[in-house]
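Heads up: the structure comes next, in structure tokens.
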There are 2 protein chains.
Amino acid sequence: MTDLAPHELRILVAVGKERGFSAAAGALGMTQSAVSHSVRASERKLGAVLFDRGRAGATPTAAGERALAHARRVLRLLEVMGAEVRGVADGTGGTLAGPLRIAAFRSAALHLLPGVLERLAARHPEILPEVRIVREVGRGTAGEVMDGRADLGIATIGTTSPVPPQLVGGVLVEEGYALVHPAGHSSPRSLPLVDWTENCTSYTRAWWAEQDWLPSATVEAEDDGAVLSMVSSGFGMAVMPELSLIGAPPSVQITDLGPERPTRSVGYVTTPELARSLAVRALIRELRAAVR
Amino acid sequence: MTDLAPHELRILVAVGKERGFSAAAGALGMTQSAVSHSVRASERKLGAVLFDRGRAGATPTAAGERALAHARRVLRLLEVMGAEVRGVADGTGGTLAGPLRIAAFRSAALHLLPGVLERLAARHPEILPEVRIVREVGRGTAGEVMDGRADLGIATIGTTSPVPPQLVGGVLVEEGYALVHPAGHSSPRSLPLVDWTENCTSYTRAWWAEQDWLPSATVEAEDDGAVLSMVSSGFGMAVMPELSLIGAPPSVQITDLGPERPTRSVGYVTTPELARSLAVRALIRELRAAVR
DNA sequence: CCCGATCCATGAATCCTCCTCATACACCCA
DNA sequence: TGGGTGTATGAGGAGGATTCATGGATCGGG
């Protein structure tokens, strides 16, 4: 038997990543001795020294670099193998390869998805995500999924816009609204309130109506990006969800609205069939991990 | 630990090949009991039944087919890993020393590969190419690569047969179709049209249908070689890709079909993992050089 | 210059995985 | 209904993997 077993491959990869036997052992939850034994066995099987051991740990030799590259590929292939075989058996289609169409509202597409898709690509390079920005008005992103134009939608979920009965979905995160106004403005509350069509659920609107300090004069903008740029140029103030405020310029000031502030739930919707597909499940897993 | 070990993969492949536990055990020099235990363990790890057991032995389920394809690929990758690591360590250059399995359709195997493999052998004598001729119907050569039975496939690539998403590939050359008929025939267009199953993409068929000068009566032959020999013996005429016409005897006459002639793309497909291996890269380099 | 810290190496003991042996079970056919 | 084909399964043993305990090498600092 000259082939390396998966656990041996994993140890090689860990040593390459942690740049040392002890560190790799720690990362894998095993003993330095086990790593040493295993690497030595792998080297014997392959007939080549894979790591230069030194004071500062272990660094791959040229042969070791090639071995690491192969080890990573083999491990990934084994991972995909498990996923596909299970998928075929489940009748979920079997492959996680191919395009994965995501409909998202603007702030999610800009501030939530990039990191998620990056990690998804790292773990499942065979998935090719396509993001389409859909205004969250009317049927919104859920409509895109219902109409078969998207596999998964990032949507606001609440009592006024629940998950449609023919779809499945879940809440990812509940985020609060915050007041945003020009930084350093002397009396920000005298500024007009800037708003945009997609903003706010009816629950939020009710909260809104109760706040007597809010000016009634409002200006309607195109989308949250336009609102934010109007605020940052001193034109007005706005009540926006936190997701829209990620990466806001220093020229705006964000004020928490306190414990009674309105919130909204951001979640996902998909079809029951697609919910079992490996690609959609992988994406949901990454979404869940991202909002934690 | 949910990943399958190499010995488990080998057992799966053997069972798939020998179509039975007992036969696989015999081929592997082990007990039927060991095979049974191992397959059961693999099924438990993957969470799917891989073989239907019956009177006549074992046949793979759908999940089993996928598992087998992956198993072959993983084992192949481990093989390449060993060879390359040893090669790097020896300072012999680091390319895979050993067999490189190529699946090609007939005309490519006969007219494109010989020169390519000659140059490959000159540059990398340690690579031992094995060519298997596969009819380009159904999943064709790409299927051989997907199932782990070949490292690289020479395939026709087009809208009707794109590179499968889980594979990687590229176009090598776009070649035209030409009319071929017996040399010196007085009215070649009155001859029947000879064809063979692998011939022509749907795009080509569409062009074909538009040509009112083409006779509708057709004769079906086994392969392009048979077609060419029928044409050369005066039996009929044919529309064939240029690759099939290399080395055609002087008894046939080749007529260019003009600028509107149909074309097909000939390319290669391989797995993402093998695409990085030195042997496959060397072969692709030679293929690219050859068609220039 | 030695002390301590921080690496990796190694031998023995333990635990667990995998294989074999022996046997049971299911099915088909003469 | 017995013999021949196949697979399933439990018990036991051999070998591999991990741990424990320890040794050896190398470097930086007092």
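Chain identifiers are assigned alphabetically (A, B, ...) following the order of the sequence lines, protein sequences preceding nucleic acid strands; residue numbering begins at 1 within each chain.
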Starting at atom [atom1] of [X], determine the distance to atom [atom2] of [N], rounded to an integer number of angstrom.
X: A:Asp52; N: C:dC8; atom1: CG; atom2: C1'; value: 13 Å
X: B:Glu8; N: D:dG16; atom1: CD; atom2: P; value: 16 Å
X: B:Arg40; N: D:dA8; atom1: CZ; atom2: P; value: 6 Å
X: B:Leu12; N: C:dC18; atom1: CG; atom2: P; value: 13 Å
X: B:Leu4; N: C:dC18; atom1: CG; atom2: P; value: 10 Å
X: A:Ile11; N: D:dG16; atom1: CD1; atom2: C1'; value: 13 Å
X: B:Gln32; N: C:dC18; atom1: CD; atom2: P; value: 17 Å
X: B:Met30; N: C:dC21; atom1: CE; atom2: P; value: 12 Å

Taking all heavy atoms of B:Arg288 and all of B:Leu172, pick out the closest pair and write down the distance.
->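 For B:Arg288 versus B:Leu172, the nearest heavy atoms are N-CD2, 4.0 Å.
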
How far apart are the C-alpha atoms of B:Val131 and B:Leu117, what are their side-chain angles, what is the distance that settles it, and do they pass the side chain to side chain contact (heavy atoms under 4.5 Å, CB included) test?
-> CA-CA 10 Å; B:Val131 177; B:Leu117 297 186; 3.6 Å; yes

Looking for any heavy atom pair under 4.0 Å, which part of the strands does A:Ser36 touch: base, sugar-phosphate only, or nothing?
->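 Base contact.
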
By nearest atom, which of the nucleotides [options] is closest to the [X] side chain?
X: B:His7; options: D:dT7, C:dC18, D:dT19; answer: C:dC18
X: A:Thr31; options: D:dT19, C:dT20, C:dA9; answer: D:dT19
X: B:Ala34; options: C:dC8, C:dC19, D:dA8; answer: C:dC19

Quick one: are B:Pro60 and B:Leu50 in side-chain contact, heavy atoms under 4.5 Å?
-> no

Check whether any side-chain heavy atom of B:Met30 sits under 4.5 Å from a side-chain heavy atom of B:Ser38, and report yes or no.
-> no

Take B:Ser33 and A:His37, find for each the nucleotide of DNA chain C with the closest heavy atom, and name the residue whose nucleotide sits nearer the 5' end.
->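 Its nucleotide being nearer the 5' end, the pick is A:His37.
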
Quick one: is D:dG6 close enough that its OP1 or OP2 comes under 4.0 Å of any side-chain N or O from B:Arg53?
->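 For D:dG6, OP1/OP2 do not have a side-chain N/O of B:Arg53 under 4.0 Å.
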
Would B:Glu8 and B:Lys45 count as a salt bridge (Lys or Arg N to Asp or Glu O under 4.0 Å) if you check the C-alpha gap in whole Å, the side-chain angles of each, and the deciding distance to 0.1 Å?
-> CA-CA 11 Å; B:Glu8 295 176 304; B:Lys45 286 185 186 179; 2.9 Å; yes

